[in-house]
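Shown next, in structure tokens, is the structure this report addresses.
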Amino acid sequence: MAFKTISAQLAAKLDQELMGPEIGFTLQQLMELAGLSVAQAVQKQYPISIYQKRQILVVAGPGNNGGDGLVCARHLALFGYQPVVYYPKRSSKIEFYSQLVRQLDFFGVPVLGSDDKWTHYLTSPETVCIVDAIFGFSFKPPMREPFGSIVSELVKVQNAVPIVSVDIPTGWDVDGGPVAGTDSLAPSVLVSLTVPKPCANKLQAGRTTHFVGGRFVSASFAKKFGFEPFPYPFTDQVLKL
Ligand SMILES: NC(=O)C1=CN([C@@H]2O[C@H](COP(=O)(O)OP(=O)(O)OC[C@H]3O[C@@H](n4cnc5c(N)ncnc54)[C@H](OP(=O)(O)O)[C@@H]3O)[C@@H](O)[C@H]2O)[C@@H](O)CC1
Ligand SMILES: [K+]
């Protein structure tokens with residue numbers, strides 16, 4: 001399905017308005033809906049009944065893309081999967097993230113730190129997919145450690161274990177796509193949030209299944225930002241593009 005995109009700059013403006021005084025969404029609300037939509041895309045793409053596997057590695061970055069991953073992991077656990085979260089750099093600047101981690105503890109979802117053996121989950125035969133919630137639309141190259149090494153590990157296994165990227169394949173330029181000279185992720189699934197960004201035009205058609213999620217804008221608001229409202233089916237939180 002052909003889709004319109006909006007630039008990283010316009011996407012940031014769209015967010016400001018969504019969380020501005022007129023509309024009044026909180027970041028927590030948007031993150032909850034975004035994380036839920038990613039979990040639903042995973043469930044549609046890798047149903048337990050077909051894959052007979054439940055383990056999912058969620059790699060969470062230090063910002064809100066990472067926050068989406070923490071929310072997604074919680075919903076995956078409720079759906080009956082066995083998520084494990086690798087969260088190497090916990091930004092303490094936002095109290096909300098530690099509440100999301102407390103919720104994961106509450107649901108018995110392991111949250112590994114930088115000195116835990118996370119790579120075991122990359123190649124375990126039990127792992128059905130890996131959720132890339134490292135960076136989203138605020139990534140600015142070049143990649144700083146430990147994330148360069150982490151992304152290289154993901155690139156190594158991406159033909160054996162499907163990668164599901166949240167909003168932007170980590171390491172890609174939000175508008176331009178894969179950055180020349182870096183080993184780029186080639187995800188099996190991309191869940192664009194709110195509206196696809198221009199890098200989504202660089203997805204390999206035969207390889208990457210593309211969903212849009214983050215069902216929290218009205219038709220008039222979409223049109224105001226230059227895209228058609230997405231025809232989400234019924235109560236679905238994602239639409240396959
Ligand atoms: N707004 C919405 O509608 C919604 C937005 N949502 C989500 O928010 C995402 C955007 O979140 P975001 O702005 O926090 O940025 P994000 O991409 O997580 O990264 C920021 C972090 O990465 C770091 N960093 C950057 N470059 C780096 C490098 N080269 N190497 C290393 N580190 C680097 C940077 O560190 P700093 O530069 O600040 O030290 C900072 O800590 C968006 O993609 C979507 O998924 C949903 O929650 C809900 C709906
Ligand atoms: K990502």
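Basis for what follows: all heavy atoms, side chains included, without hydrogens, waters or symmetry-related copies. We count ligands from 1, going down the list as the structure has it; atoms in each ligand are counted the same way.
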For this session: Quick one: look at N65 and ligand 1, take heavy-atom pairs under 4.0 Å, and tell me if it's side chain, backbone, both or neither.
Result: both

Exercise. Taking atom types as modelled, is there a side-chain donor on S124 or Q55 under 3.5 Å from an acceptor on the other?
Worked result: yes

Exercise. Under the 3.5 angstrom rule, does the side chain of T26 hit a backbone N or O of Q29 as a donor-acceptor pair?
Worked result: yes

For this session: Please say whether F147 places an N or O atom under 3.5 Å from an N or O atom belonging to ligand 1.
Result: no

For this session: Taking atom CD of Q9 as the centre, report whether more than 12 heavy atoms of other residues, nucleotides or ligands fall under 6.0 Å from it.
Result: no

Exercise. Cut-off 3.5 Å, side chains only: do N64 and Y97 have a donor facing an acceptor?
Worked result: yes

Problem set entry | Side-chain touch I130/Y121, heavy atoms, less than 4.5 angstrom | no

Exercise. For the side chain of K53 and the backbone of P125, is there at least one donor-acceptor N/O pair under 3.5 Å apart?
Worked result: yes

Exercise. Between F137 and ligand 1, does any nitrogen or oxygen pair lie at a separation below 3.5 Å?
Worked result: yes

Problem set entry | Side chain, backbone, both or neither: the part of R144 lying under 4.0 Å from ligand 1 by heavy atom | both

Seminar exercise, completed: Note: ligand 1 atoms sitting under 4.0 Å from heavy atoms of L30 are 48 (C), 49 (C)

Problem set entry | Metal check, the K ion (ligand 2) vs G136 N/O/S, cut-off below 3.4 Å | no

Exercise. So does F135 have any N/O/S atom less than 3.4 Å away from the K ion (ligand 2)?
Worked result: yes

For this session: Could you find the nearest protein heavy atom to atom 3 (O) of ligand 1 and give me its residue, atom name and distance?
Result: D15 OD1, 2.6 Å

Exercise. Got the closest protein heavy atom to atom 20 (C) of ligand 1, with its distance?
Worked result: S138 CB, 4.0 Å

Exercise. What protein heavy atom sits nearest atom 23 (C) of ligand 1, and how far away is it?
Worked result: F135 CE2, 3.7 Å

Problem set entry | Top protein contact for atom 38 (O) of ligand 1, by heavy-atom distance | K93 NZ, 4.2 Å

Exercise. What is the ring orientation for W118 with Y86, classed by angle as parallel under 30°, tilted 30 to 60°, or perpendicular over 60°?
Worked result: parallel

For this session: May I ask you to identify the nearest protein heavy atom to atom 26 (N) of ligand 1, giving residue, atom name and distance to one decimal place in Å?
Result: K140 N, 3.1 Å

Problem set entry | ligand 1 atoms in contact with M143 (distance to a heavy atom under 4.0 Å) | 29 (N), 30 (N)

Problem set entry | Proximity to ligand 1 by part of L193, non-hydrogen separation under 4.0 Å | side chain

Problem set entry | Salt bridge present between D167 and K197 (N-O < 4.0 angstrom) | yes

For this session: Please report which non-hydrogen protein atom sits nearest to atom 40 (C) of ligand 1, along with the residue it belongs to and the distance in Å to one decimal place.
Result: P62 CG, 4.4 Å

Seminar exercise, completed: residues 134-148 vs side-chain hydrogen bond (donor to acceptor under 3.5 Å, both in side chains), sequence neighbours excluded, gives E145-S149

For this session: Answer yes or no for T170: is there an N/O/S atom below the 3.4 Å cut-off from the K ion (ligand 2)?
Result: yes

Exercise. Between D68 and ligand 1, which part of the residue brings a heavy atom under 4.0 Å of the ligand: side chain, backbone, both or neither?
Worked result: side chain

Seminar exercise, completed: Among non-hydrogen protein atoms, atom 17 (O) of ligand 1 lies closest to G136 N, 2.6 Å

For this session: Kindly state if atom 34 (C) of ligand 1 has a protein heavy atom within a strict 4.0 Å cut-off, that is, under 4.0 Å?
Result: no

Exercise. Any chance the side chains of S7 and D175 put a donor and an acceptor closer than 3.5 Å?
Worked result: no

Exercise. Does the N or O separation between M31 and ligand 1 drop below 3.5 Å for any pair?
Worked result: no

For this session: Look at D183 together with K156 and state whether they make a salt bridge at an N to O cut-off of under 4.0 Å.
Result: no

Exercise. So, is V166 placed with an N/O/S atom under 3.4 Å from the K ion (ligand 2), counting both backbone and side chain?
Worked result: yes

For this session: Give the residue and atom name of whichever protein heavy atom lies nearest to atom 42 (C) of ligand 1, and the separation in Å to one decimal.
Result: D167 OD2, 3.3 Å

Problem set entry | Ligand-residue contact atoms, ligand 1 with G63, heavy atoms, under 4.0 Å | 14 (O), 18 (O)

Seminar exercise, completed: For OD1 in N65 and O in D132, the angle at the K ion (ligand 2) (nearest 10°) is 90°

Exercise. Mind checking whether the K ion (ligand 2) has an N, O or S of D167 under 3.4 Å?
Worked result: no

Seminar exercise, completed: Counting heavy atoms under 4.0 Å, the part of P142 that contacts ligand 1 is backbone

Exercise. Does a side chain donor of either Q237 or R215 reach within less than 3.5 Å of an acceptor in the other side chain?
Worked result: no

For this session: Could you tell me which residues satisfy side-chain hydrogen bond (donor to acceptor under 3.5 Å, both in side chains) with E17, sequence neighbours excluded, listed by chain and number?
Result: K13, K224

Exercise. Are side-chain heavy atoms of F3 and S192 found at a separation under 4.5 Å?
Worked result: no

For this session: Just say parallel, tilted or perpendicular for the rings of F230 and Y232, cut-offs at 30° and 60°.
Result: perpendicular

